Amino acid sequence: MALTDLPHTEKPITSAVIVSKVFRRPLSGAILELAGLLEKYGIKTYIEQTTSVGFNLPQLQSVSRRQIKDLDLIVVLGGDGSMLGAARTLVDLGVPMLGVNRGHLGLLTDVSPANLEETIKRIVQGRYFKEERTILDMRVFREDDDGAGELVGQSLATNETVIHSGMMAHMMVFKVTINGSYMYTLRGDGMIVNTPTGSTAYSLSAGGPIIEPHLDVLALVPMFPQSLNCSPIIIPGKSEVRIDFLSSDDTPEWVNINCDGQVSVRADSKCSVLIRQHRMPLTLIHPEGYDYYSLLRQKLGWGKALV
């Protein structure tokens with residue numbers, strides 16, 4: 001019997017807000033259906049202001065971001081991309097999130113529309129599990145000759161931060177430091193710093209390991225390194241990663257820093273990138289019966305014949 005099959009009770013949910021970032025017309029009906037289910041089981045239901053405007057749903061009472069912090073649950077309707085966006089912008093409110101899958105992969109939005117009503121019914125009763133996920137805090141600095149630092153850009157990331165030149169097959173030289181200790185200098189196309197949540201995303205495509213989401217670690221995955229002995233490495237979750245750039249002359253090169261494939265910061269090789277855990281983790285809610293390995297088998301095709 002899986003741990004999530006055992007009897008378990010959390011705080012019953014009495015209020016919720018629906019968030020979606022897709023803005024595709026067919027989803028407006030899904031939002032109304034979801035709101036109807038939540039209200040059917042006694043949950044006071046709202047819609048986030050931007051979602052309300054984007055889908056033109058004035059019939060649902062909207063709430064501001066500040067008001068969301070007083071609610072019990074954020075329900076994200078869409079695909080994993082919608083959850084990534086909601087996590088970055090709403091994580092500091094400290095409100096748990098439930099993902100309802102209306103996209104493709106669905107590793108974060110793991111509630112299927114096929115069993116939505118039963119899931120809502122159980123969650124209202126407090127029959128769910130909470131899980132904390134690491135969020136990255138990425139900052140780009142530029143130091144002048146006097147050592148003063150200027151903040152060039154910053155963003156949170158749920159999956160990963162990708163640092164690259166922005167040009168296909170263009171190598172750069174990265175100097176990697178962990179907690180102030182020099183690790184190595186890498187020549188390659190880029191570097192991925194990812195959370196366990198992001199280990200099944202872009203990092204996986206680059207040859208990184210799959211990491212169980214509850215582990216307090218980060219991973220560094222080189223992208224097409226010139227040296228064959230630069231392997232992915234897993235480091236403690238509380239580590240601070242610093243990446244500097246080396247060049248053969250004083251002419252700065254462009255550097256792109258992407259977070260979750262949704263936020264981009266444009267910098268140059270005179271800058272430094274600092275990455276560490278955000279002070280607030282993302283809290284996800286999973287319904288009873290949630291099984292991470294079963295999810296991987298379904299979504300990644302584990303165990304299926306190749307032909």
Side-chain angles (χ1 to χ4, degrees), residues 1-22 27-48 51-52 57 60-63 65 67-80 82-87 89-103 105-133 135 158 197 213-214 280-296 298-299:
M1 178 181 291
L3 177 63
T4 48
D5 290 329
L6 298 175
H8 186 84
T9 303
E10 292 278 359
K11 172 187 172 184
I13 302 296
T14 61
S15 59
V17 59
I18 299 172
V19 176
S20 183
K21 303 295 184 184
V22 182
L27 271 190
S28 60
I31 292 174
L32 292 173
E33 177 187 357
L34 175 59
L37 275 178
L38 292 167
E39 291 172 348
K40 175 181 176 180
Y41 289 103
I43 300 177
K44 181 61 178 175
T45 305
Y46 304 90
I47 187 170
E48 181 254 347
T51 305
S52 177
L57 294 172
L60 298 178
Q61 183 176 348
S62 65
V63 289
R65 187 169 300 177
Q67 292 170 311
I68 290 176
K69 67 181 176 58
D70 298 320
L71 304 181
D72 295 330
L73 180 65
I74 297 170
V75 184
V76 180
L77 183 68
D80 285 350
S82 296
M83 178 64 84
L84 294 174
T89 55
L90 302 176
V91 64
D92 286 334
L93 300 179
V95 179
M97 296 188 184
L98 174 72
V100 178
N101 186 21
R102 288 282 180 165
L105 192 57
L107 283 167
L108 284 173
T109 50
D110 53 272
V111 177
S112 168
N115 56 9
L116 180 58
E117 182 165 3
E118 182 62 26
T119 298
I120 296 299
K121 181 179 178 181
R122 291 183 180 186
I123 287 176
V124 169
Q125 299 168 348
R127 296 165 59 190
Y128 60 85
F129 292 83
K130 286 184 178 180
E131 180 185 37
E132 290 190 346
R133 300 285 186 98
I135 299 286
T158 306
T197 301
H214 69 276
M280 181 82 74
L282 169 66
T283 300
L284 293 179
I285 279 183
H286 300 295
E288 283 183 331
Y290 171 80
D291 184 335
Y292 180 66
Y293 297 113
S294 174
L295 193 65
L296 290 181
Q298 294 173 40
K299 303 298 183 179

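As the structure is a computational prediction, the values presented were derived from the model and not from experiment.
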Handout entry: Any Val75 side-chain heavy atom under 4.5 Å of Leu34 side chain
Key = yes
Practice task
To the nearest 0.5 angstrom, please state how far the CZ atom of Arg122 sits from the CD atom of Glu288.
Solution key: 5.5 Å
Problem - Under 3.5 Å donor-acceptor, Ser20 side chain and Leu77 backbone - result: yes
Problem - Side chains of Thr14 and Lys44 in contact at under 4.5 Å (non-hydrogen atoms) - result: no
Handout entry: For Leu60, the option from Leu32, Thr51, Thr45, Val17 that meets side chain to side chain contact (heavy atoms under 4.5 Å, CB included)
Key = Leu32
Problem - Any Ile135 side-chain heavy atom under 4.5 Å of Met280 side chain - result: no
Completion exercise
One should read off an interatomic distance between Tyr290 OH and Leu295 CG, to the nearest 0.5 angstrom, of 5.5 Å
Practice task
Evaluate the side-chain contact (heavy atoms from CB on, under 4.5 Å) criterion for residues Arg65 and Leu93: first the C-alpha distance (whole Å), next the side-chain angles of each, then the deciding distance (0.1 Å), finally the verdict.
Solution key: CA-CA 8 Å; Arg65 187 169 300 177; Leu93 300 179; 4.0 Å; yes
Exercise for the section: List for me each residue that meets salt bridge (Lys or Arg N to Asp or Glu O under 4.0 Å) alongside Lys69, sequence neighbours excluded, and say none if there are none. Expected result: none
Completion exercise
Taken to the nearest 0.5 Å, the spacing of Leu284 CG from Glu132 CD works out to 10.0 Å
Exercise for the section: Would you please test Glu117 and Lys121 for salt bridge (Lys or Arg N to Asp or Glu O under 4.0 Å) and show each step? Expected result: CA-CA 6 Å; Glu117 182 165 3; Lys121 181 179 178 181; over 6 Å; no
Practice task
Take Glu48 and Lys21 through the test side-chain contact (heavy atoms from CB on, under 4.5 Å) and record every step on the way to the result.
Solution key: CA-CA 10 Å; Glu48 181 254 347; Lys21 303 295 184 184; 4.0 Å; yes
Problem - Short side-chain donor-acceptor distance under 3.5 Å, Glu131 and His214 - result: no
Problem - From Ile47 atom CD1 to Ser62 atom OG, the distance as rounded to the nearest 0.5 Å - result: 8.0 Å
Practice task
For Asn101, enumerate each residue passing the side chain to side chain contact (heavy atoms under 4.5 Å, CB included) test, keeping only those at least two apart in sequence or located in another chain.
Solution key: Thr109, Lys299
Problem - Lys NZ or Arg CZ of Lys130 over Tyr128 ring: under 6.0 Å, within 45° - result: no
Handout entry: Glu33 vs Arg102, salt bridge (Lys or Arg N to Asp or Glu O under 4.0 Å): CA-CA, chis, key distance, verdict
Key = CA-CA 13 Å; Glu33 177 187 357; Arg102 288 282 180 165; 3.8 Å; yes
Handout entry: Gap between atom CD of Gln125 and atom CD1 of Ile120 - 0.5 Å precision
Key = 11.5 Å
Practice task
List for me each residue that meets side-chain hydrogen bond (donor to acceptor under 3.5 Å, both in side chains) alongside Tyr292, sequence neighbours excluded, and say none if there are none.
Solution key: none
Problem - Note, Phe129 side chain near Ile285 side chain (heavy atom, < 4.5 Å) - result: no
Practice task
Taking the side chain as every heavy atom from C-beta outward, state whether Val100 and Ser112 have any pair of such atoms under 4.5 Å apart.
Solution key: no
Fill in the blank from the handout: dist Ile43:CD1 -> Ser15:OG (nearest 0.5 Å) comes out at 8.5 Å
Problem - Side-chain touch Asp72/Lys11, heavy atoms, less than 4.5 angstrom - result: yes
Problem - Option from Thr158, Leu108, Thr283 for which side chain to side chain contact (heavy atoms under 4.5 Å, CB included) with Arg133 holds - result: Leu108
Practice task
Please examine the side chains of Val95 and Leu90, heavy atoms only from C-beta on, and report whether any two atoms are closer than 4.5 Å.
Solution key: no
Handout entry: Contact check, side chains of Ile18 and Tyr46, non-hydrogen atoms, under 4.5 Å
Key = no
Exercise for the section: Evaluate side-chain contact (heavy atoms from CB on, under 4.5 Å) for Val76 paired with Leu98, printing each intermediate quantity in order. Expected result: CA-CA 6 Å; Val76 180; Leu98 174 72; over 6 Å; no
Problem - Polar contact flag, side-chain donor to acceptor under 3.5 angstrom, Ser294-Gln298 - result: yes
